[in-house]
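Beneath this line is the structure, given in structure tokens, with notes to follow.
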Amino acid sequence: MPPAAMSTPSGGGPRVLAHPSRDAIRLEDVLHALADPVRLGIVRVLADAEGECSCSVFDVPVSKSTLTHHFRVLREHGVITQTYRGTAKMNALRWDDLAERFPGLLDTVLAAARRQEAAGVSAGADAAVAGVTSPS
């Protein structure tokens, strides 16, 4: 896997994060990324958001370094994109790429998570992403 983040030399320029190409996204990687309750909660928030969300809007019961790890797993496994806007790291779901590679998968997983929540069996996803402020 390519390095998670690459900085430009001290000459400046934007920081670029590595993402797999659409064709390199693997089903087992996506399923692994979505299997964790914290990551599934992040994906649910991004699915409901209009546009991108900064990392700072997620209120999760994990340390900042652990949250960074969860975002990295989602990015490296092709579930989200991350881009820098100034000092903020912006996140968005890769809806189109996932729909092209695995039609209906993300919609099915999100619908199942909502049904599970409605039945009162949150499996930690909602507790993991307890409070979210409005996307910035």
Side-chain angles (χ1 to χ4, degrees):
M1 181 103 1
M6 298 173 284
S7 297
T8 56
S10 58
R15 291 184 283 178
V16 177
L17 298 163
H19 297 81
S21 67
R22 176 185 285 183
D23 293 336
I25 300 172
R26 298 171 45 118
L27 178 61
E28 59 271 25
D29 290 340
V30 172
L31 293 174
H32 167 75
L34 296 175
D36 182 273
V38 172
R39 292 192 292 264
L40 180 58
I42 290 167
V43 169
R44 290 183 65 194
V45 169
L46 290 172
D48 292 339
E50 295 196 15
E52 300 174 316
C53 294
S54 71
C55 293
S56 64
V57 304
F58 296 89
D59 181 19
V60 294
V62 297
S63 68
K64 186 174 179 179
S65 63
T66 301
L67 183 59
T68 298
H69 164 75
H70 287 301
F71 278 110
R72 182 178 52 81
V73 169
L74 289 167
R75 177 176 42 81
E76 289 180 350
H77 289 57
V79 178
I80 67 170
T81 60
Q82 289 187 303
T83 54
Y84 280 102
R85 297 254 165 50
T87 59
K89 200 181 291 183
M90 302 303 292
N91 305 279
L93 283 177
R94 292 181 67 172
W95 281 106
D96 294 341
D97 292 335
L98 292 170
E100 176 70 27
R101 292 285 290 154
F102 316 109
L105 175 68
L106 192 54
D107 291 325
T108 301
V109 168
L110 291 169
R114 288 184 192 103
R115 283 192 306 273
Q116 185 170 285
E117 177 188 7
V121 186
S122 69
D126 295 315
V129 183
V132 177
T133 60
S134 61
S136 45

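- Across every non-hydrogen atom of Val73 and His32, the tightest pair is CG1-CD2, 4.3 Å.
- Using a 4.5 Å cut-off on side-chain heavy atoms (C-beta onward), Thr68 and Arg72 make no contact.
- Val60 is not listed as a side-chain neighbour of Thr66, based on a closest heavy-atom distance of 4.5 Å or more.
- Considering only heavy atoms from C-beta on, Leu98 stays 4.5 Å or farther from Leu105 through its side chain.
- Residue Arg15 comes nearest to Gly86 through the heavy atom pair NH2-O, 4.0 Å, listed as atom of the first residue, atom of the second, then distance.
- In this structure, Trp95 and Leu46 have side chains that are not in contact, with every pair of non-hydrogen atoms separated by 4.5 Å or more.
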Dump the intermediate steps for side-chain contact (heavy atoms from CB on, under 4.5 Å) on Arg22 and Asp96, then the final yes or no.
CA-CA 9 Å; Arg22 176 185 285 183; Asp96 294 341; 4.1 Å; yes
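- Using a 4.5 Å cut-off between side-chain heavy atoms of Ile, Leu, Val, Met, Phe, Trp and Tyr, with links allowed through other members, Val79 and Leu67 fall into the same hydrophobic cluster.
- Expressed to the nearest 0.5 Å, how far CG of Asp36 lies from NE2 of His70 amounts to 4.5 Å.
- Taking the side chain as every heavy atom from C-beta outward, Leu34 and Arg39 never approach each other to under 4.5 Å.
- Looking at Arg101, its side chain never comes within 3.5 Å of a backbone N or O of Leu27 through a donor-acceptor pair.
- The shortest non-hydrogen separation linking Pro20 to His77 is CG-C, 4.3 Å.
- One distance of note links OG1 of Thr81 with NZ of Lys89; it measures 12.0 Å at 0.5 Å rounding.
- Taking CZ from Arg94 and CD1 from Ile25, the interatomic distance works out to 4.0 Å, rounded to the nearest 0.5 Å.
- Atom CD in Glu52 sits 4.0 Å away from atom CZ in Arg85 (nearest 0.5 Å).
- Note: Arg44 CZ to Leu93 CG = 12.5 Å, rounded to the nearest 0.5 Å.
- Atom CZ in Phe102 sits 8.0 Å away from atom CG in Leu31 (nearest 0.5 Å).
- No side-chain donor-acceptor contact under 3.5 Å links Asn91 to the backbone of Gln82.
- Residues His69 and Val62 fail the side-chain proximity criterion, which asks for heavy atoms closer than 4.5 Å.
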